[in-house]
Each structure stands twice: as C-alpha cells, then as structure tokens.
Amino acid sequence: MLSPRFLLLRSAASLTTRSFRTGGVLMHGKAPDMVEGNPLLHVSNVRNKLREIVGASTNWSDHQQAMAERVSLSSMLAKSQNDLPAKRMKDSYQEVHLPLGSEPQLREKYLTFHNTVRFGRILEDLDSLAVLISYSHTYNEALKRSPLSIVTALVDKIDMRQHIIYPDCDIKFTGHVTWVGKTSIEAKMHMSQFRDGAYAPVLDATFVMVARDPENKRAAFVNPLKPEGPEDEKLFQEGEANKSRRVDLSTASLLKVAPTDEERKIVHSLFLNTLDTKTVSFRSRVLPPNSVWMEDAKLKGLEICHPQERNIFNRIFGGFLMRKAYELGWANACSYGGCRPSLVAVDDILFQKPVEIGSLLLLSSQVCYTQGKHIQVRVHSEVFDPLTRQHNTTNVFHFTFVSDRDVPNIIPNTYGESMLYLDGKRHFNQTVEN
Ligand SMILES: CCCCCCCCCCCCCC(=O)SCCNC(=O)CCNC(=O)[C@H](O)C(C)(C)COP(=O)(O)OP(=O)(O)OC[C@H]1O[C@@H](n2cnc3c(N)ncnc32)[C@H](O)[C@@H]1OP(=O)(O)O
C-alpha cells in the first residue's frame, strides 16, 4: 500500500485529479485505496495541501508573518472574470480517503462513546474538502501561491442517505464544483463507505464557498465554469436553481416579512390550545399534555476560540464551528427526546461573519419544531465582546434529527418563539420534501 507521504507527493504534483465521476460513488470490488489505478488523497493530507496552496505555516507566530506576506499577492488577482480561463467540472474533481477500516489508529479521533462515527468530525472534513475543491477550480499553474482566500459562506444542504456510519469501514469523499457565480462557487460532495465489498452512499452535501482577496477583505473573481455534456449541464442548472431558491428564501425570511396566512393560522391555533379554559384571559397559558414549552428546550455552550482552531486565514475554522454547533444541537435533541437521535439532514448553515481568534463564542441551541419522531434544532452562535458588551451573530445552523420514538410537541409561548417555530417548520418541510 502507498504511504500517506507518497500520496501527498503524488497529489501535490497536480491539482487536477484524473478519474472523474459526478454521481454517487459505487465501485464494487475495487480496493479502497486505489481507483482505476490512481491513489486517493489521504484525509490527513488535505489540510497540508491547503497550507501549501495559500502559503500558511504550521506555527502560530510564523503563521501571522506568512499571512502578512500574502498581502503582496493582491496584484495577482484578476481584474474581471473574463480574464480568467473557464474550467471544466472535472478540473476540480477530488477524491479523499478516510481509511477508518484499514488504519485503526485513525479511529480514536472519529469515535463516539457508543462506537459510531462523530458526525462533527465528518463536517470538518467536508469543509476542508470543499475548500480544496474550490482551490482546484481556481488553480493557476503560473502562480506559486493562490492569491485567493476561499471561505465557506453556506452549507446549503447535507442529506443523509443512511443513518449509520460504521467506525471500522473505510470512507471515501468525492466532489467537484457544480456551479459558479462571479465570486462564489458551489461544490457538491458525496461520502460513501466500504462495506461488504462495495462502496455504498452515506451522504450528499452542497456547500457554497466565496473567494476573497488575500487579506479576506473584498470579494475576488473566480474562473468561469464550462459544463461539458448533459450531466454537467444538469448539475449547472441545479446550481442556478439553488441560487434562485436561496434568494427567494432570504426574501421571505420571517425576520423581514410577516408569516403567510396559513402560518398565521398555525400560530393562532397553537395559542388557542394553550389558553386556560377556566379563565377569560389572554394571559393564562397552560401547557397541553405531552408538550414542552420552547423556553424549556434550550441548551447553551461557550467556546473560547484558541489559535489551535484557526484556519489557513487566521480565523476560526468553519468546520470547527460546525462540529461544536452540531454536538450542542445533538445533545439538545438527545435530552429532549430522551434517547440518542440520528441525524436526518443539515440545511442552510449560514456563515455570516468570520470568528476572530481569541473570541468568546456563545452557542445557543433551541428545539424549534417537532413532528412525530422528528426534532428540528436551530443553533445560533454569536461573538461576545466583554469590553464593549456587544453581541454579534456569526452563524446560524439547522439540524433535523429523528428519534426512535414519538417526541413531545414543542410549544411556543411568545411571538418571537412562534416565529422560530415557523422557521423550524419551513426548514423541516424543505428537508422532508427533498
Ligand atoms: C495554519 C493553518 C491551520 C490548519 C488549517 C486547517 C483548516 C483548513 C481548512 C481551511 C478552511 C477555510 C474555510 C473556513 O474555515 S472559512 C471560515 C468560516 N466562514 C467564514 O468565516 C465566512 C464568514 N462570512 C463572511 O465573511 C461573509 O459573510 C462572506 C464573505 C461569506 C460574504 O460576504 P458578503 O455578503 O459581504 O459578500 P458579497 O456581498 O461581496 O458577495 C460575495 C459573493 O458571495 C455570495 N454570497 C454571500 N453570502 C452568501 C450566502 N449566504 N449564500 C450564497 N452565496 C452567498 C454572493 O452571492 C456573491 O457571489 P457572486 O454573485 O459574486 O458569485
């Protein structure tokens, strides 16, 4: 078998990967570390490769210096998107191997107490891979370092194709760019696991990445994308549709406009169900049977953002934020449902603002909608500045879990909670519909 070091050398030689397939991956009978004669990139080399691409160092003090030096790369940025050559989808195709089965020493980092795979770790790997895919798309062989800072703007969707991820079977990630705007990139990734002699799909993920200048201050142009053939065309059209859907969702946000007629009726009926029939008052509220007030379905956490969790641009790594939010959301769903829930979907994780190193990050998880066995959880994260006492939202995360039994109904009490409930319902319906 090839050593991880050899894999790094082979893959660093070229950012383009040779074999290419766009759909879910199924490779019956192939050895997990070779695809059509090509070695897969080992997961532990993805970050090293990213460091190389942007010129980041592994040491915190040198790293700050290295980042300061990146400023000079601004002159390498394209003045317009037309100045950049169009790339094909296969130019950004990547395959990354997480050999949990064949390298047992890797397992510790990925293992839960219950001998399943920590999904938070998978989120971190997906985030790093999405960045690598984006750099592969924007690769310019004339440059030693990329002038672009590519950051995660949105996790549009992660759909679980199966609930169990086995801790002792090899995992493979594949993915490539499927759509680009002027400065944004959509990357689709698939994860599959080797079991009973074949790779079977585990999840499909869609991320949106944004290219910025070397200082991560302004947007920067990315190469256009040239779809080749009907399969590429279809993916590109889906990317266009995703962009329009995001604009529509943002326009209809309950933070901007009133709920629809149907939603208003739902809120009013929830309100009527909680009125105390013995008093004629709008204020006497009684919790219906088998229900929980939203106020009592929260879980909070704090992270001090140490340099160890930095990304290649001296901010907190998006994957780390997702892992922390996911674990808090899972614990919240677990305590709410009274059993260990499984993840059904992740959608619309918005990275609104970068998190600076040294920040105090407050994470707040809320069960916001329930239906049968399903629990919809929203995690909100904000940076708190103890000197100015200002709070700034950095991220919002949405997770759908399923329990092994019916869970109590979640009931909003205030108008704000009712909006959270409706927002949770919208996210849940979107997950169920797709
Ligand atoms: C030493 C190293 C250590 C080891 C390394 C380990 C880690 C390795 C891994 C490294 C991992 C590194 C990775 C990390 O860890 S990145 C860390 C996590 N992410 C962040 O911190 C990002 C925080 N957010 C922001 O900075 C801003 O909100 C951004 C920059 C995202 C947008 O800012 P702003 O809104 O002002 O931008 P704009 O108006 O100029 O628009 C620009 C473009 O962006 C598109 N857009 C914007 N928002 C969205 C959205 N929600 N959905 C879809 N698209 C969106 C927009 O349509 C436009 O596209 P186009 O029309 O031009 O095409």
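Counting starts at 1 for both ligands and their atoms, following the listed order.
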Atom 7 (C) of ligand 1: the protein heavy-atom neighbour that sits closest, reported with distance to 0.1 Å: Phe317 CD1, 3.8 Å
Nearest non-hydrogen protein atom, atom 3 (C) of ligand 1: Arg310 O, 3.6 Å
Within 6.0 angstrom of Arg218 CZ, more than 12 heavy atoms from elsewhere: no
Test item: protein heavy atom less than 4.0 Å from atom 52 (N) of ligand 1: yes
Ligand 1 contacted by Val222 (non-hydrogen, < 4.0 Å): no
Pick from Ser128, Ala130, Ala153: the one approaching atom 31 (C) of ligand 1 most closely through a non-hydrogen atom: Ala153
Ligand 1-proximal atoms of Leu350, by part, heavy-atom distance under 4.0 Å: side chain
From the candidates Val210, Val54, Asn242, Leu321, the one that places a heavy atom nearest atom 44 (O) of ligand 1: Val210
Over-ring placement of Lys172 relative to Phe194, 6.0 Å and 45° cut-offs: no
Distance in Å, Arg212 CZ paired with Ile150 CD1, rounded so as to fall on 0.5 Å steps: 12.0 Å
Phe351 and Phe397 aromatic ring geometry - parallel, tilted or perpendicular at 30°/60° bounds: perpendicular
Selected option - heavy-atom contact closest to atom 16 (S) of ligand 1, from Val46, Thr152, Leu132: Thr152
Which residue and heavy atom of the protein sit nearest atom 1 (C) of ligand 1, plus the separation: Ser57 O, 3.2 Å
Salt-bridge contact Asp204-Lys188 (side-chain N to carboxylate O under 4.0 Å): no
Pairwise distance CZ(Phe207) to CD1(Ile349) - rounded to 0.5 angstrom: 7.0 Å
4.0 Å protein heavy-atom contact status of atom 57 (O) of ligand 1, strictly under: yes
Val355, any N or O under 3.5 Å of ligand 1 N or O: no
N or O contact, Trp179 vs ligand 1, cut-off under 3.5 Å: no
Shortest protein contact, atom 54 (N) of ligand 1 (heavy atom only): Val208 CG1, 3.8 Å
Test of ring centre spacing under 6.0 Å for His374 and Phe401: no
Geometric N/O contact Lys182 with ligand 1, under 3.5 angstrom: yes
Aromatic contact, Phe119 with Tyr326 (centres under 6.0 Å): yes
Under-4.0 Å salt bridge between Asp168 and Arg107: no
Given Arg426, His427, Gln376, the one that forms side-chain hydrogen bond (donor to acceptor under 3.5 Å, both in side chains) with His398: His427
Atoms of ligand 1, numbered as shown, that sit under 4.0 Å from any heavy atom of Gly181: 63 (O)
Atom 37 (O) of ligand 1 [closest protein heavy-atom partner, distance rounded to 0.1 Å]: Arg212 NH1, 4.1 Å
Ser136 and Lys87 side chains, donor-acceptor separation under 3.5 Å: no
Proximal ligand 1 atoms for Lys353, defined as those under 4.0 Å from one of its heavy atoms: 23 (C), 24 (N)
Pair Arg70 + Glu215: basic N to acidic O under 4.0 Å: no
Where ligand 1 meets Ile316 - atom numbers and elements under 4.0 angstrom, heavy-atom basis: 17 (C)
Identity and distance of the protein heavy atom lying nearest atom 43 (C) of ligand 1: Thr183 OG1, 3.2 Å
Protein heavy-atom partner closest to atom 59 (O) of ligand 1 - residue, atom, separation in Å: Ser184 OG, 3.2 Å
Protein residue, atom and distance nearest to atom 24 (N) of ligand 1, heavy-atom basis: Phe351 O, 2.8 Å
Proximity to ligand 1 by part of Leu154, non-hydrogen separation under 4.0 Å: side chain
Flag: protein heavy atom within less than 4.0 Å of atom 34 (P) of ligand 1: no
Short N-O contact, Arg245 and Asp248, less than 4.0 angstrom: no
Non-hydrogen protein atom less than 4.0 angstrom from atom 41 (O) of ligand 1: no
Ser403-Lys373 side chain donor-acceptor pair, cut-off 3.5 Å: no
NZ/NE/NH1/NH2 to OD/OE distance under 4.0 Å, Lys234 and Asp232: no
Interatomic distance, Cys368 atom SG to Met419 atom CE [nearest 0.5 angstrom]: 12.5 Å
Sub-4.0 Å protein heavy atom next to atom 14 (C) of ligand 1: yes
Closest to atom 9 (C) of ligand 1 among Val131, Asn311, Leu50 (heavy-atom distance): Leu50
Nearest option to atom 27 (C) of ligand 1, as decided by whichever heavy atom of Lys243, Glu356, Gln352 sits closest: Gln352
